[in-house]
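Before any comments, here is the structure.
Chain letters run A, B, ... following the sequence lines, proteins first, then strands; residues in each count from 1. Because the structure is a prediction, the values reported are computed rather than measured.
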Number of protein chains: 2
Amino acid sequence: MKLDPRHLEILAAIVEHGGLTEGAEALGKSQPSVSRTLSQLEARIGAPLFKPGRRPLQPTDLGLALAEQGQAVLKANAKASDLVARFRTGHSGLVRVAGTPIFMDGVIASMIARFQQEIPDVRVDQSYGYADPLIERLRLGTLDIAIVPLRRSRVPADLSFQPILQGLNVVVCRENHPLTRSKFITAKEIENYPWIAPPADSPLYKDLRRALSNIGAEDFRISCSGGSLASVIGVLTGSDSLTILPYSVVFMMKDHARIAALSLDIGHPDRELGLLVASEAQQSPAARRFRTFVHAQFESLSRRIVQHRKDQLWR
Amino acid sequence: MKLDPRHLEILAAIVEHGGLTEGAEALGKSQPSVSRTLSQLEARIGAPLFKPGRRPLQPTDLGLALAEQGQAVLKANAKASDLVARFRTGHSGLVRVAGTPIFMDGVIASMIARFQQEIPDVRVDQSYGYADPLIERLRLGTLDIAIVPLRRSRVPADLSFQPILQGLNVVVCRENHPLTRSKFITAKEIENYPWIAPPADSPLYKDLRRALSNIGAEDFRISCSGGSLASVIGVLTGSDSLTILPYSVVFMMKDHARIAALSLDIGHPDRELGLLVASEAQQSPAARRFRTFVHAQFESLSRRIVQHRKDQLWR
DNA sequence: CAGCTTCATAACTTTGCGTTATATTAAACC
DNA sequence: GGTTTAATATAACGCAAAGTTATGAAGCTG
């Protein structure tokens, strides 16, 4: 005999709360509804589930045994409800984040760490890429959030873009690099040192070319290219090479890596770093939560950057 | 959010069997029904439970977690079904049996033991009583089976009576009692020994009086009365007292107790021992099973009694 | 025994599950 | 790469059953 798990739930509620009325109330149903369901259940089973005539309603052995199973159903149901609730509030789930490699490694990784300390049950899938392919993945629904530098004018109409940081690059070298001693660096001086180039298809690479032409350095030598942030830092601190990095990345690393930014105005690109998402509505709650978290983190980061610059001016 | 345990069951079936079609088949439902239920569930939850587009249908993390709860529901449901099935086939439940004290102790107790060896999950509530109050309890529904000696003509119309043994009493004494040496016992001899009387309100007591008047013993002394079978046997084996017992009781005890039946024809009462039940239909399955078990036991007992008598004739 | 609480019953509405028939879509195969 | 095949989604509709309010019956109170 196959019976309805809801009936078992009702039976369990009646037994637990000691009466039809109380059980009905606990279930959020009317008393007659519960009464009839119980009658039907007894009819189907062909045996009384409660001892007849006694008013503090007392279950039979069978009634008690079935009520136990009903409790198991209720428990599983409650757990399922909890799972759903946690999902809907973004306390569990999956977030697929992608961004430019340097940025992901230099800034986002530590934010992910902090996020997971706060919301441990959300899994974060990270991957790397530049704007166009990431836009494609957003459209396909295989990505939740892209963190990319983008010109406002180039934001696709079907996506929503939330700027979080001004685009600002700086030229970087190792600590105690000869150039750090110059107050005003000339193009001629720059040309003495080789460059670590970002991947050729990256926006940063274009920024590098433009920056160099801005400061009048026509000829530049590339000693190495294509590495990840960790590789770049490694080469940088072990040689006299120069490279270009987003200021925020340098800021985040200033306490850990032995690198220095040159006081060299290379102009800033007219791009903004921002969070690109497919559509506000169809975001998973976990993705929404991650997005607001990252947004808040960047606001805090902006403030710290501003503060840091003030401090440097005082010196 | 409160969700329907049946939906969790369906989800579990889909996940377990790897597809809507297979899941539907396992549940004994049509594929469209399962499909729609799943859609509704996803709509209610507001999140996909299966990864879109992939054809060996693959659950999302949330889908998998909910399916686990569905499995718990299915398990509880299966257990409940099993409980019901066992109840309906009489493999679990409660049987309330009552009968005359001497008979319950002397014959029924050992049958209960055998029954419980075979069907261990049926609880047997035994109690003692004589015909009239037991009939009342049968009518009230507080008793399932009464095992009583009854005249056929006195069987109430609303109850059903199943005879299991001819009424037959014998006079009993300890082994090696002086009377066991007499081939033909006279009333005079009998009068030398005191009697252990059954309770005054028992049918056995009436039998005793009638038996004694039958054999012409007008005057008899009662040394003790009112005890249970164990008490009667105790007194009997420790003294020269006599008593009257149903033959079946003596037969059952012949290997354990040091008692002997006197070859003294006291006539047999026109009663039959039988199983009295309220109504065939409203019996609990366990009670039905117990009744057929006891009936079979008595048939076997009858055969053994007949065999035993044959053996004694040969000697 | 009167009053109160609790459970059962009645009558009706609404929800939603089950069905079959059919359209779509993804996978597989040549 | 197009065609076949299997699996899933959608549509339309009947029906079982759960929900509701109103009311009657039956045990426990004092």
From the list dG18(C), dG19(D), dA11(D), which nucleotide is the closest neighbour of the side chain of P32(B)?
dA11(D)

Considering only dA8(C), dT19(C), dG19(D), which nucleotide approaches the side chain of S30(B) most closely?
dT19(C)

Does [N] have its OP1 or OP2 closer than 4.0 Å to a side-chain nitrogen or oxygen of [X]?
X: S39(B); N: dA9(D); result: no
X: H7(B); N: dG16(C); result: no
X: S35(A); N: dA8(C); result: yes
X: Q40(B); N: dC17(C); result: yes

Rounded to whole Å, please give me the gap between [atom1] in [X] and [atom2] in [N].
X: I10(B); N: dG16(C); atom1: CD1; atom2: P; result: 14 Å
X: D4(A); N: dG16(C); atom1: CG; atom2: P; result: 14 Å
X: E25(B); N: dA6(D); atom1: CD; atom2: C1'; result: 14 Å
X: L57(B); N: dT25(C); atom1: CG; atom2: P; result: 16 Å
X: L38(B); N: dC17(C); atom1: CG; atom2: C1'; result: 15 Å
X: L20(A); N: dT6(C); atom1: CG; atom2: P; result: 11 Å
X: K29(A); N: dT14(C); atom1: NZ; atom2: P; result: 18 Å
X: F50(B); N: dA9(D); atom1: CZ; atom2: C1'; result: 15 Å

So which one's nearest nucleotide on DNA chain C is more toward 5', G28(B) or R44(B)?
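Going by which nucleotide is closer to the 5' end, it is R44(B).
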
Please state whether the base of [N] and the side chain of [X] form at least one donor-acceptor pair under 3.5 Å?
X: R6(B); N: dG16(C); value: no
X: R36(B); N: dG18(C); value: yes
X: Q31(B); N: dA7(D); value: no

Would the distance check show the side chain of S35(A) and the main-chain N or O of Q31(A) forming a donor-acceptor pair, the cut-off being under 3.5 Å?
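No, because the side chain of S35(A) does not come within donor-acceptor range (under 3.5 Å) of the backbone of Q31(A).
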
Looking at S30(B), is its backbone amide N or carbonyl O close enough to the side chain of S33(B) to form a donor-acceptor pair, meaning the two atoms are under 3.5 Å apart?
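Side chain of S33(B) to backbone of S30(B): no pair is present.
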
Identify whether any heavy atom of T21(A) sits under 4.0 Å from a base atom; if not, whether one sits that close to sugar-phosphate; answer base, sugar-phosphate or nothing.
sugar-phosphate

Enter the distance from F87(B):CZ to L94(B):CG here, rounded to the nearest 0.5 Å.
9.0 Å

Atom CZ of R114(A): over 12 foreign heavy atoms under 6.0 Å
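Enclosed: over 12 neighbouring heavy atoms sit under 6.0 Å from CZ of R114(A).
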
Return the orientation label for the F298(A) and F103(A) ring planes: parallel under 30°, perpendicular over 60°, tilted otherwise.
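Answer is parallel, since the angle falls under 30°.
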
